[in-house]
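In what follows, a single structure is set out as structure tokens and then discussed.
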Amino acid sequence: METQPSFVPPEQLNIATHFLDDRITEGMGGRTAIRTRERNYTYAEVQAHANRFGNMLRTAGCEPEQRVLIALPDGIDYVAALFGTLKIGAVAVMVNPHLRVDQLRALFAYTRGTIVLTDASTRAPFEEAAEGARFIKQLVVTGDYAFTQRISTASPELETFPSHRDDPAIWLFSGGTSGRPKAVVQTHRSYANTAELYGKGVLRYTPEDITISVPKLFFGYATGSNLFFPFSVGASTLLFPDRCTPETLFDLIEEHRPTILINVPTMVAQMTAAPDAASRDLTSLRIATSAGEALPVALYERWKATFGVELLDGLGTAEMWHVFLTNQPGRVRPGTLGQAVPGFEVKVCDDAGRELPAGEVGYLWVRGDSRAIAYWQLMDETRKAFRGEWYVSEDMISRDEDGYFTYAGRADDMLKVSGKWLAPQDVENCLLQHPAVKECAVVGFAADGLTLPYAFVVPSAGLPSDQGAASALAAELQAFVKRSLESYKCPRRIILRDELPRTHLGKVDRGRLRVDDRPELSPGG
């Protein structure tokens with residue numbers, strides 16, 4: 001069955017016009033677009049600030065199709081820099097502002113960005129990395145007096161570049177659980193398409209919505225749900241630059257009364273575990289979403305019991321920009337990723353690309369009008385991942401008879417134990433039902449030609465004070481899994497940690513667990 005797209009964008013499409021300028025044309029210039037602790041900004045004010053950024057970038061020598069690296073904290077400058085970049089026909093590259101110097105040097109060389117935007121609070125590593133960088137024309141540092149003077153003198157008027165819908169718009173970085181991130185080149189069409197199909201079609205954003213996000217705007221999940229989607233209907237986004245904690249979220253939700261919370265499983269766990277969770281007021285929320293990692297059933301149930309807010313788990317990728325599998329309001333099946341967003345087609349295939357029947361685990365294949373152009377400078381990987389209309393993911397999933405999909409893990413995370421496939425998520429979901437487990441990750445290690453599952457666990461009460469208590473807890477957790485799952489799924493060892501390593505997008509870094517935290521291998525518990 002072929003997917004019939006329900007949204008056909010015009011050939012000339014610049015998403016700065018689509019998500020921002022069109023709201024002014026529609027008479028929404030006076031509506032609140034951005035809320036911050038300091039003040040609110042209307043759509044007209046955001047547009048004027050974006051125009052100033054665009055004019056400043058042009059003055060700095062930036063041309064259409066050149067890359068602008070945006071590494072700013074969430075706030076009005078981030079939004080203005082993003083739209084200003086798009087308005088002059090340049091391409092935005094979303095960058096984590098807290099990368100190390102060596103990571104930045106590699107990024108500058110890889111992307112060949114001409115302008116780098118960072119903030120006074122994070123300027124030092126950027127300045128060091130930019131020294132001698134071949135392609136950088138200018139490093140712009142926001143947040144100080146010199147920048148304020150510079151941006152204030154730029155013109156608030158700017159004609160938007162007439163981009164084609166298939167021109168590159170934004171580079172995202174794929175959020176795998178190991179390996180070097182790959183730059184995904186995405187088009188104006190993709191961002192407009194998913195905003196229509198998922199933002200308006202499934203989550204049903206309205207002008208009265210107020211959004212707040214755990215992930216920051218450099219993460220494509222937040223770029224959509226906490227910026228493009230609300231802007232597409234004249235709603236508003238609540239932005240804050242500091243690190244997200246349960247206390248910060250609770251306070252901001254109670255003060256500003258947002259209606260949509262963009263969440264991730266790690267923060268879902270932290271919010272439900274907060275000592276005062278049951279007394280915090282989240283009644284303004286009509287829905288919350290979860291993505292980035294699979295949401296365990298136990299965590300979903302804990303969230304619902306604590307806050308009573310519907311939590312919609314889903315899956316998206318940078319390669320298909322944003323969510324294309326999701327649970328929907330009133331149709332949630334805990335433990336699943338829900339169904340395909342209308343306008344996308346998803347199937348489960350074997351190694352040869354043959355579609356598998358319901359219940360079998362295979363590779364995720366998806367097609368729709370949000371498919372990326374390519375991975376930058378990675379033709380072999382591009383050919384492997386992009387096959388005609390389809391994007392072939394390394395995510396392993398299964399589908400039931402009703403069209404609900406369940407996540408099994410990344411292909412390189414799946415374990416062949418005792419001749420059977422083991423999905424780490426099955427063991428992790430089991431462990432998370434034990435009250436002593438706050439977080440966990442299951443990875444495989446090779447020993448004597450066999451693959452053995454090992455579990456890394458962050459205890460709810462912190463690390464035990466002595467080795468005896470640690471051994472007792474590990475044994476208790478092993479016994480708990482043995483009572484619940486088939487014997488081959490039981491972790492051969494439980495390794496206790498005070499935290500789990502994470503990737504640049506905040507996912508558990510299983511690659512580092514396999515290398516940096518490699519335990520002494522033995523079958524014993």
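In this chain, numbering begins with 1 at the start of the sequence shown. Both backbone and side-chain heavy atoms feed into the values below; hydrogens, waters and symmetry mates do not.
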Hydrogens and angles aside, do [X] and [Y] bring a side-chain donor and acceptor to less than 3.5 Å of each other?
X	Y	answer
Ser290	Asn263	no
Ser370	Asn193	yes
Arg257	Thr283	yes
Thr223	His322	no
Ser471	Gln467	yes

Closer than 3.5 angstrom, by distance alone: can the side chain of [X] be matched with the main-chain N or O of [Y] as a donor-acceptor pair?
X	Y	value
Ser460	Pro435	yes
Lys216	Arg243	no
Asp466	Ala469	yes
Gln478	Pro491	yes
Thr259	Ile210	yes
Glu254	Asp281	yes
Ser279	Asp276	yes
Arg399	Ile397	no
Thr406	Thr336	no
Tyr407	Glu293	no

Going by the angle between their ring planes, with limits at 30° and 60°, are [X] and [Y] parallel, tilted or perpendicular?
X	Y	answer
Tyr375	Phe386	tilted
Phe229	Trp321	perpendicular
Phe480	His434	perpendicular
Trp171	Tyr110	tilted

Does the Lys NZ or Arg CZ of Lys347 fall within the cation-pi geometry relative to Phe405 - under 6.0 Å from the ring centre and within 45° of the axis?
no

If you look at every heavy atom in [X] and [Y], which pair is closest and at what distance?
X	Y	value
Ala129	Val101	CB-O, 3.9 Å
Gly224	Pro230	O-CD, 3.8 Å
Arg67	Thr111	NE-O, 3.0 Å
Ile212	Pro258	CG2-CG, 3.7 Å
Val341	Leu197	CG1-O, 3.6 Å
Phe307	Ala277	CE2-O, 3.4 Å

Decide if atom CZ of Arg387 counts as having more than 12 heavy atoms of other residues, nucleotides or ligands within a radius under 6.0 Å.
yes

Just wondering, more than 12 heavy atoms not from Lys304 lying within 6.0 Å of its NZ?
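It does: Lys304 NZ has more than 12 such atoms within range.
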
State plainly whether the residues [X] and [Y] are in salt-bridge range, i.e. N to O under 4.0 Å.
X	Y	answer
Arg410	Glu394	no
Arg510	Glu428	yes
Arg123	Asp119	no
Arg371	Glu389	no
Glu128	Arg105	yes
Lys384	Glu381	no
Arg333	Asp313	no
Asp209	Arg286	yes

With a 4.5 Å cut-off on side-chain heavy atoms, are [Y] and [X] touching?
X	Y	value
Leu513	Val508	yes
Asp369	Ser190	no
Ile170	Phe228	yes
Pro459	Leu473	yes
Tyr363	Ser393	no
Cys440	Val458	no
Leu107	Val95	yes
Asp395	Thr317	yes

Can you tell me how far the CD atom of Glu499 sits from the CZ atom of Phe456, to the nearest 0.5 Å?
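The CD atom of Glu499 sits 13.5 Å away from the CZ atom of Phe456.
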
Which distance, rounded to the nearest 0.5 Å, do you find between the OH of Tyr205 and the OG1 of Thr211?
5.5 Å

Listed partners of Gln328 passing side chain to side chain contact (heavy atoms under 4.5 Å, CB included), at least two apart
Val202, Thr326, Arg331, Pro342

Please determine whether side chain to side chain contact (heavy atoms under 4.5 Å, CB included) holds for the pair Met396 and Leu364, giving the CA-CA distance in whole Å, both sets of side-chain angles, and the decisive distance to 0.1 Å.
CA-CA 6 Å; Met396 305 290 283; Leu364 185 159; over 6 Å; no

Working for side chain to side chain contact (heavy atoms under 4.5 Å, CB included), residues Met267 and Leu249:
CA-CA 10 Å; Met267 186 55 62; Leu249 277 177; 3.7 Å; yes

Qualifying residue for side chain to side chain contact (heavy atoms under 4.5 Å, CB included) with Met271, from Leu282, Thr306, Val214
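Between Met271 and the candidates, side chain to side chain contact (heavy atoms under 4.5 Å, CB included) is satisfied uniquely by Leu282.
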
Using side chain to side chain donor-acceptor pair (under 3.5 Å), reason through Asn226 and Thr237 one step at a time and then give a plain yes or no.
CA-CA 6 Å; Asn226 202 37; Thr237 174; 3.0 Å; yes

Evaluate side chain to side chain contact (heavy atoms under 4.5 Å, CB included) for Phe344 paired with Gln339, printing each intermediate quantity in order.
CA-CA 10 Å; Phe344 293 93; Gln339 299 169 300; over 6 Å; no

Pair Leu227, Leu239 - check side chain to side chain contact (heavy atoms under 4.5 Å, CB included), show working.
CA-CA 9 Å; Leu227 181 58; Leu239 300 178; 5.8 Å; no

